[in-house]
Structure formats: C-alpha cells, structure tokens
Amino acid sequence: MRGVTEMRKYLDADDVYQETSAAAAPNWLLGLLAFALFEEQRLEWMRHRREIANAAPSSEEIQAWYESQPQGAVARALVSAEMLLGGYGTHSAEVFGEDHRRQIADGVVVAEIRRLGRWGPQLGLNVMGGLIGSMVFTALLVLLGTFLLNGPSAEDFARQFTHSVEKGHVQHRNNP
C-alpha cells in the first residue's frame, strides 16, 4: 500500500474512490473494498439522518459529510479492507483446501474400486491361497512333531555318534 496522499478535503465519492484506488495500487481489489467500506459509513450516516429528520439528506449535506471526513478515514478503510481480505484469504484457503483434499481422496478411493472391477474372483483366490498355505504349514508341523517325538533323542544321537567315532578310530589304528 503506497499510503494516503497529502491532507485534502473530499468533495464526493469520486474523490474517495480516486484516493483509495491510488493508495492501494496495484491491488485494485483492496482499493475497491476500502472504497466500499468508506461508502458504507456514508450510507449508515444517511440512514441515521433519515431516521432523525424523517427525510433523506440533501446533496449539500452529503457533500458536507464528505468534506468533514478526516484523512484518517480513508487510511482506516484501507487497513480494515486489508484485514478483511487477509482473513477471507485464510478462510478460503482452509475451506477450499479441505474440499480439494476430500475430492482427491474420494476420487482416489473410487478409482481404486473401479480398477479392481469384480472383487469376487479375487476374494476366492485369496481365500484359496490362505487355505493352501495353512494346510502346508500344518503338514510341516505334523512332520516336525513326528520327527521330534518319535526320532532318536539327543542322548541316543550322542551315543551313536560316539560309537561310530570309536569304531572308526579303532579301524583306523588297525589298518596301518
């Protein structure tokens, strides 16, 4: 914002518009919103005058109102407009961002479901694979259990190993 120009009197809405648009350049939206806020103050003043006097203010009274406005009124309108636009921008980013994320998520989920097509055959294959895997695992457990329970114990294995080593050692000594 370039700021408000030197101290001057406003004669009408055109003067205020020129001042707000020049002060907000190059952000025309900020200038337009500041002008609207300034004009809203005039409309409220006119409504108040109409309630008190039971008549709309004359054009001379309206011009007098413009002339009585301090230079700070435009500056306040510009600051208020800037705050409103900032708040609107933040709110819009939150709302549109959430909507956009939701649309993306919905689109991805729907596309994935469509890509899968018919799910019945895939489910059948998955169930069959699980059953076959369970049967193979069970068979391995049965074989391992049978071997461990009916096979030689560690003592038997050690005795047999010792016997074969001694026998080999004896045979080796006898064959010079």
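Residue numbers start at 1 and run along the sequence shown.
- Under the 4.5 Å side-chain criterion, counting only non-hydrogen atoms from C-beta, Tyr17 is in contact with Leu32.
- In summary, Arg47 and Glu44 do not engage in a salt bridge, as defined by a charged side-chain N under 4.0 Å from a carboxylate O.
- Here the side chains of Asp12 and Gln63 are not in contact, with every heavy-atom distance at 4.5 Å or above.
- Listed here is the closest heavy atom pair of Ala34 and Ala81: N-CB, 3.6 Å.
- Identified under the side-chain hydrogen bond (donor to acceptor under 3.5 Å, both in side chains) test for residues 129-148, with sequence neighbours left out: none.
- In this view, Tyr66 satisfies the ring pair (Phe, Tyr, Trp, His ring centres under 6.0 Å) rule with no residue, not counting sequence neighbours.
- Atoms CZ and CD1, from Arg42 and Ile62 in turn, are 6.0 Å apart once rounded to the nearest 0.5 Å.
- Residue Leu85 holds its CG atom at 5.0 Å from CG of Leu29, rounded to the nearest 0.5 Å.
- Nearest heavy atoms, Ala23 versus Leu78: CB-CD1, 3.4 Å.
- Summarising the geometry, atom CD belonging to Glu19 is positioned 13.0 Å from atom CD belonging to Gln69; distances are rounded to the nearest 0.5 Å.
- You'll find the ring centres of Trp65 and Phe38 inside the 6.0 Å limit.
- Between atom OG1 of residue Thr20 and atom CD of residue Gln18 there is a gap of 8.0 Å, rounded to the nearest 0.5 Å.
- Side chains of Val165 and Thr162 form no contact here, defined as non-hydrogen atoms less than 4.5 Å apart.
- Within a 6.0 Å radius of CD in Glu61, more than 12 heavy atoms belonging to other residues, nucleotides or ligands are found.
- Nearest heavy atoms, Ser80 versus Leu37: CB-CD1, 3.7 Å.
- Residue Leu143 is not grouped with residue Met135 when hydrophobic side chains (ILVMFWY) are merged at heavy-atom distances under 4.5 angstrom, including chains of intermediate members.
- Phe161 contributes atom CZ, which lies 11.0 Å from atom CD of Glu166 (distance to the nearest 0.5 angstrom).
- By the criterion of side-chain heavy atoms lying less than 4.5 angstrom apart, applied directly or through intervening Ile, Leu, Val, Met, Phe, Trp or Tyr residues, Val16 is grouped together with Trp28 in one hydrophobic cluster.
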